[in-house]
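Please read the structure below before turning to the comments.
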Amino acid sequence: MTGESTRLSVEARGISKAFGGVAALDAVDFEVRWSEVHALVGENGAGKTTLCNILAGIYRADAGQVIVDGTERDFRSPAHAIDAGIGMVHQHFRLVEPMTVSENIHLGWPETPGVVSQRALNERTEQFMGEMGLHVDPTAKIWQLSVGEQQRVEILRVLARGARVLILDEPTAVLTAKEAEDLFAVVRELAASGLSVIFITHKLREVLAVSDRLTVLRHGIREITRPTEGATASEIARLMTGEERVLNVEHRVVTGDPALELRGVSALNDRGITALHDVDLTVRSGEILGIAGVSGNGQTELAEVICALRGLESGSITVDGADVGSMSVRAVTDMGVGHIPEDRIGMGMVLSAPVKDNAVLHNYWTEQFSQGLNLNRQGVIDFAKRLVEAARVQTRSVFATAGQLSGGNQQRLVARREALVADQLLVAAHPTRGLDVNAAQEVRSTILDKRDSGCAVLLISDDLDEVLLMSDRIAVIYEGRIMGVFDAADADREPIGLLMGGHSSTEAA
Amino acid sequence: MTPLASIASAVLSVTPWRLERRLEVDARRAALTRIGGAVGAMIVVGILLLLTGRNAFWIFWQALDAVFGRQRGIEGVALRAIPILMTALGVALSLRMKVWNIGSDGQFLMGALAAVGVGIHLDGPGWLVLILMAVAATLAGAAWILVPALARAYWDVNEIITTLLLNFVALQLVTWSALGFWRDKAAAVIQSTREVPFTLPGIPGANSVTIALLVPLVIAAILWWVFRSTTIGYEIDTIGGNPRAAGFAGIAVRRRILVVMLFTGAIAGLGGMLQLSAPGAQAMNAGFSAQFGLSGFIVAALAGAAFWGVIGGGLFIASMFYAGIVLQTKGLSVYIIFAIYGVILTGIALGEIAARYRVVRREAADESEATAGEEAAAPQGAGS
């Protein structure tokens with residue numbers, strides 16, 4: 001079968017594409033074989049999605065050829081690409097939420113019978129799922145499904161249209177760890193049945209876990225294509241970033257005064273269900289306490305209750321010895337509590353407002369900017385300029401709206417702003433989520449600098465690698481309860497992983 | 001996207017062009033594009049008039065002459081502008097917070113009604129009664145929006161419906177007052193309330209315009225300053241931009257919404273008193289408000305809630321209405337005049353879109369010279 005498996009399914013030759021005069025791809029060659037999972041790796045902006053959008057007929061290349069199974073193609077629309085057997089599953093799903101799985105799979109599919117009963121539709125769907133070895137309840141409405149199941153419907157939809165080359169754009173970005181594992185199995189299965197899968201990601205563990213070969217893009221140029229076997233994470237990271245930039249974090253044991261203390265804290269989520277049960281936590285000045293856990297286990301509520309954005313049901317919270325449980329948001333902020341919120345865009349910024357106004361969102365009322373009613377406009381502008389420079393935010397000016405910034409720049413801005421607010425405590429919720437390696441390193445350096453300057457840091461992240469890397473101590477949260485606290489020195493991935501999944505430490509031992 | 005911008009972009013979707021949002025909206029361009037829109041619309045109107053065999057030049061000359069050619073015209077415009085400006089300023093303030101106060105007509109009427117109540121029942125020196133009338137009108141305007149404001153601020157009840165419906169209640173109350181409890185029994189023909197015996201002092205040299213004209217100018221200046229230089233303005237803009245971010249910043253969002261909505265009602269209510277205190281308008285009848293609130297709303301929306309833009313736009317629309325009335329007396333059909341209003345307002349609205357968007361060719365858009373912002377935006381669409 002070697003002959004079969006080295007035959008090319010898709011070949012891109014010398015693909016170039018520019019946006020607004022900026023080259024996104026520069027003469028990129030890219031070859032994918034049948035029966036392989038091919039990881040396409042690179043930082044944000046490296047050109048991964050652009051390349052795949054060209055393969056899938058969404059963009060047209062400025063130069064270069066696309067050859068599918070030996071035939072040169074010129075795709076003018078995604079429909080042309082799917083006719084040639086190339087289908088893409090996007091990061092943001094394109095499903096009709098109130099309709100069933102069967103209906104979504106059959107929607108706009110030329111083979112859907114003109115008149116068909118719901119039952120026949122479901123039977124066709126069942127049969128098709130059987131052929132593909134992928135299962136979702138065909139009668140379920142999309143909105144009833146978990147994100148992982150919705151993604152499976154998307155994959156089925158693309159496969160139903162005869163795709164033999166499947167492109168998955170950052171498919172694990174929205175998945176839980178368990179769902180990601182399931183996806184890997186599906187992807188391996190599809191490749192084993194003869195399909196090509198192009199797997200776009202910037203997570204190195206995934207590359208190593210799922211792919212047969214890998215291609216690294218950097219700044220729109222192909223760095224390497226090689227078999228995954230024998231590749232190491234640090235080698236791929238070096239190729240992605242162009243330099244060896246491994247953050248060297250020294251874990252400490254801190255014995256100073258507690259900057260933040262939670263005693264028996266309980267709180268409700270937005271639906272009125274108890275999301276935090278009797279939480280006890282201590283963070284000392286000059287240490288990072290990492291909260292490890294799968295998203296949705298009370299982390300959001302934990303951050304909000306500390307910053308007074310959410311009411312306390314019972315228990316007490318003290319910052320620097322002062323009870324903040326009944327304080328206003330502003331009073332807590334004035335204690336020197338910074339907060340990088342989980343939902344940067346939804347909560348941490350005003351996208352329609354200029355960068356300068358966003359720069360002072362969390363401290364505009366302080367003496368630095370406000371005298372009585374008066375807001376010191378020049379002071380705000382100067383501060384924003386310094387902040388933008390220090391955080392290396394790329395923007396034309398501080399008067400441009402925050403909505404014009406790219407996601408990474410928005411995040412850098414918020415992280416640096418909150419670091420300046422935080423004298424006592426920085427609550428950082430998923431501070432590097434969605435960032436590429438370089439931007440993530442910068443945000444992490446910002447947080448480590450805060451720690452080194454004596455600030456306490458509560459780091460919430462669903463990326464266990466990050467928690468292990470950054471934290472001095474690690475607390476594991478599961479269903480709103482703290483399952484255990486470890487010193488970083490003797491923290492082990494496996495027991496923590498088990499606790500994150502709800503297995504108690506005795507079971508784990 | 002505003003509804004009109006959505007329509008414009010839908011129309012463009014069948015052409016090789018498309019709308020692209022500008023990175024920054026600068027105030028000078030915003031003003032120029034609106035003026036350009038109005039001028040362009042008038043050229044269109046002129047061509048249409050010529051094509052239908054009318055003497056467009058004569059009509060435009062008559063309109064200009066009616067408005068600017070004589071003192072009566074200028075004063076007529078000023079008298080019409082005052083109520084429009086007051087309601088428009090109230091609406092513009094609410095729009096800064098993304099609250100849609102459609103009820104400024106009702107608040108205007110209730111303000112006037114309260115002023116009449118004070119004016120016809122209190123004896124005393126004229127200046128004192130006028131001040132009390134202004135206070136009563138301000139409070140009444142605020143009171144008329146109190147329930148919608150509470151409902152919006154604390155129970156998230158959509159204010160568009162509640163404020164709109166209260167307009168009709170206010171109109172009925174005014175009618176009742178004119179026909180019933182405050183009816184002027186001496187005047188047999190026209191059903192109206194009794195007349196307030198006081199008027200505001202006139203502007204020196206004017207026949208009918210009083211110092212009421214200064215009030216919207218002062219309010220616009222105050223609002224402009226508040227939004228330019230104070231933390232309150234910053235907070236209101238933040239609430240309008242993203243209420244969750246405002247909560248994150250510790251702003252008492254609900255209380256702010258309540259207070260700002262009360263202010264918008266108060267400004268419209270005061271407008272009612274100003275209208276009532278002009279010579280010859282000192283009594284109320286069912287036709288007291290010629291839908292000034294609606295005109296005010298149009299002005300505020302077209303001005304993009306910029307306060308000096310409201311002043312300019314309000315004066316323009318008042319001139320347009322005044323010219324329209326004069327042209328009717330010169331024999332131009334009322335339907336043609338309404339059609340002209342419509343074309344001109346559409347022109348200004350297109351100018352408003354032009355301030356925030358530009359038209360680019362679809363293919364060429366990718367090659368157009370890049371600005372830093374677009375570079376930052378490109379990888380978002382292209383790479384991540």
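Not measured: the values here are computed from a predicted model. Heavy-atom basis, side chains included; hydrogens, waters and symmetry copies ignored. In what follows, chains are A, B, ... by sequence order, proteins preceding strands, each numbered from 1.
Both the backbone and the side chain of Met347(A) come within contact range of chain B, with heavy atoms under 4.5 Å apart. With a 4.5 angstrom heavy-atom cutoff, Leu309(A) touches chain B only via side-chain atoms. For a residue to count as touching a neighbouring chain, one of its non-hydrogen atoms must lie under 4.5 Å from one of that chain's; by this rule Leu217(A) does not touch chain B. When heavy atoms are compared at a cutoff of 4.5 Å, Val332(A) does not approach chain B at all. Contact annotation for Asn363(A): neither backbone nor side-chain heavy atoms come within less than 4.5 Å of a heavy atom of chain B.
Using a 3.5 Å distance cut-off with no hydrogens or angles, the side chains of Ser16(A) and Asp62(A) do not pair a donor with an acceptor.
Tyr234(B) and Tyr364(A) have tilted rings, their planes meeting at an angle from 30° to 60° on a 0 to 90° scale.
The closest side-chain heavy-atom distance from Leu387(A) to Arg417(A) is below 4.5 Å. Asp237(B) is listed as a side-chain neighbour of Phe227(B), based on a closest heavy-atom distance under 4.5 Å.
Each of Ala353(A), Gly346(A), Pro354(A) has some count of heavy-atom pairs under 4.5 Å with chain B, and the biggest count is that of Gly346(A).
No more than 12 heavy atoms of other residues, nucleotides or ligands lie within 6.0 Å of CZ in Phe263(B), so this atom counts as exposed by the packing criterion.
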